[in-house]
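Only one structure is covered here, and it is reproduced in the block below.
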There are 2 protein chains.
Amino acid sequence: MNIGSAAKAAGLPVKTVRYYADIGLVEAPDRTQTGYRRYDEAAVRKLAFVRRARDFGFSIEECRELLSLYEDKSRSSADVRAIAAAHLEEIEEKQRQLAALRDELAHLVTACRGDDRPDCPILDRLG
Amino acid sequence: MNIGSAAKAAGLPVKTVRYYADIGLVEAPDRTQTGYRRYDEAAVRKLAFVRRARDFGFSIEECRELLSLYEDKSRSSADVRAIAAAHLEEIEEKQRQLAALRDELAHLVTACRGDDRPDCPILDRLG
DNA sequence: CCTAATCTTTCCTGTAGCTGGAGAGTCAAG
DNA sequence: CTTGACTCTCCAGCTACAGGAAAGATTAGG
């Protein structure tokens with residue numbers, strides 16, 4: 001399997017697959033005589049795993065940890081849960097901040113008449 | 001006023017103030033004979049304006065627009081409102097995505113026993 | 001007046017996670 | 001044999017700065 005097919009199978013851009021190899025996240029098993037990266041089923045599974053983890057907002061480093069746990073058959077589910085729970089905390093913190101932000105901004109947008117005149121509570125608040 | 005005092009007055013790191021000058025967002029009025037940037041009251045007000053707009057999550061480019069409206073006494077509040085409303089939309093979209101993400105992840109964390117055994121719904125879902 | 005500490009300057013590098021492009025080589029089909 | 005699709009490496013750029021080096025400027029203390 002060349003990189004193009006592997007990328008398509010994993011649902012990732014070719015560039016990204018190459019990037020993951022560069023940073024040592026998911027490396028292709030070997031190369032052809034002419035230097036083409038070959039990917040096997042196992043590598044494609046890892047790529048897809050990473051893609052889904054990234055969709056969940058896990059960082060590359062978190063993906064690296066999850067991947068090693070994914071590979072390690074003697075892992076404990078507690079390790080995985082700890083990573084996921086920490087990540088969940090981050091998400092919830094970001095949610096709180098975003099909510100506060102939204103409320104204040106929404107308030108300003110509502111207060112602004114949005115007409116031809118220069119009076120604007122939004123700018124007043126910022127200035 | 002040297003850059004240090006201006007930065008402190010505006011509540012920004014010196015590095016950031018210099019960066020804003022580099023990208024032409026808020027430039028210092030002039031330089032001393034020895035090359036020190038001088039900041040006056042007006043420049044400091046602009047810096048503080050940008051800081052607050054950044055706190056609201058406006059991008060640098062949005063800040064640039066807001067700043068020119070802030071400076072423009074013949075502006076219409078509709079222009080400002082349009083930028084803010086667009087930004088509000090972005091924030092709300094991000095909120096929706098984050099909420100969906102959180103729910104799914106929270107579900108997985110709840111489903112995971114988190115014990116010594118390798119069975120883990122989180123990895124099952126990702127793999 | 002000298003010195004040490006603090007401030008400021010420019011320039012270069014790095015961050016996260018890729019994305020785009022140039023230029024060159026490879027492969028499969030017709 | 002040619003054409004088009006694929007792949008390679010390397011380099012640059014994106015956001016919004018932060019860190020640090022080396023050198024000059026300024027200020028306070030003695």
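Values in this document were obtained by computation on a predicted structure and should not be read as measured data.
- Comparing atom distances between the A:Ile60 side chain and each of C:dG17, D:dC6, D:dA16 picks out C:dG17 as nearest.
- Phosphate contact (OP1/OP2 of D:dA18, side-chain N/O of B:Thr16, threshold under 4.0 Å): present.
- With hydrophobic clusters built from ILVMFWY side chains whose heavy atoms lie under 4.5 angstrom apart, A:Phe56 shares a cluster with B:Leu98.
- Residue A:Arg31 is classed as a sugar-phosphate contact, given heavy-atom separations below 4.0 Å to backbone atoms only.
- Computed from coordinates, the B:Asn2 CG to C:dC7 C1' distance equals 8 Å when rounded to whole Å.
- Judged by atom type and distance alone, A:Lys15 does not reach the base of C:dG17 through any side-chain donor-acceptor pair under 3.5 Å.
- Per the geometry, CG belonging to A:Asp30 stands 15 Å off C1' belonging to D:dT7, to the nearest Å.
- The distance from atom CD of A:Gln33 to atom P of D:dC8 is 15 Å, rounded to the nearest whole Å.
- Using a 4.0 Å heavy-atom criterion, one finds that A:Thr32 contacts no nucleic acid atom at all.
- Close to C:dG17, at under 4.0 Å from its OP1 or OP2, lies no side-chain N or O of A:Tyr20.
- Between the CD atom of A:Glu90 and the C1' atom of C:dA16 there is a distance of 14 Å, given to the nearest Å.
- In this structure, A:Arg37 reaches the D:dC8 phosphate: one of its side-chain N or O atoms is under 4.0 Å from OP1 or OP2.
- As judged by a 4.0 angstrom heavy-atom cut-off over every strand, A:Arg18 is placed among the base-contacting residues.
- The phosphate of D:dT15 has neither OP1 nor OP2 within less than 4.0 Å of any side-chain N or O from B:Arg54.
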- [ ] Report the C-alpha separation of B:Ser77 and A:Asp115 in whole Å, then their side-chain angles, then the decisive distance to 0.1 Å, and conclude whether the side chain to side chain contact (heavy atoms under 4.5 Å, CB included) test is met.
- [x] CA-CA 6 Å; B:Ser77 68; A:Asp115 57 17; 3.2 Å; yes
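- Atoms CZ and CZ, on B:Phe58 and B:Arg64 in that order, are 15.5 Å from each other to the nearest 0.5 Å.
- B:Tyr19 places its OH atom 15 Å from the C1' atom of C:dT13, with the value rounded to the nearest Å.
- Distances were taken from every side-chain heavy atom of A:Ile3 (C-beta onward) to each of C:dC18, D:dT7, C:dC27; the shortest belongs to D:dT7.
- Taking for each of A:Gly35 and B:Tyr36 the nucleotide of DNA chain D with the nearest heavy atom, the 5'-most of the two is the partner of A:Gly35.
- Checking side-chain atoms of B:Asn2 against main-chain N and O of B:Ser5 turns up no donor-acceptor pair under 3.5 Å.
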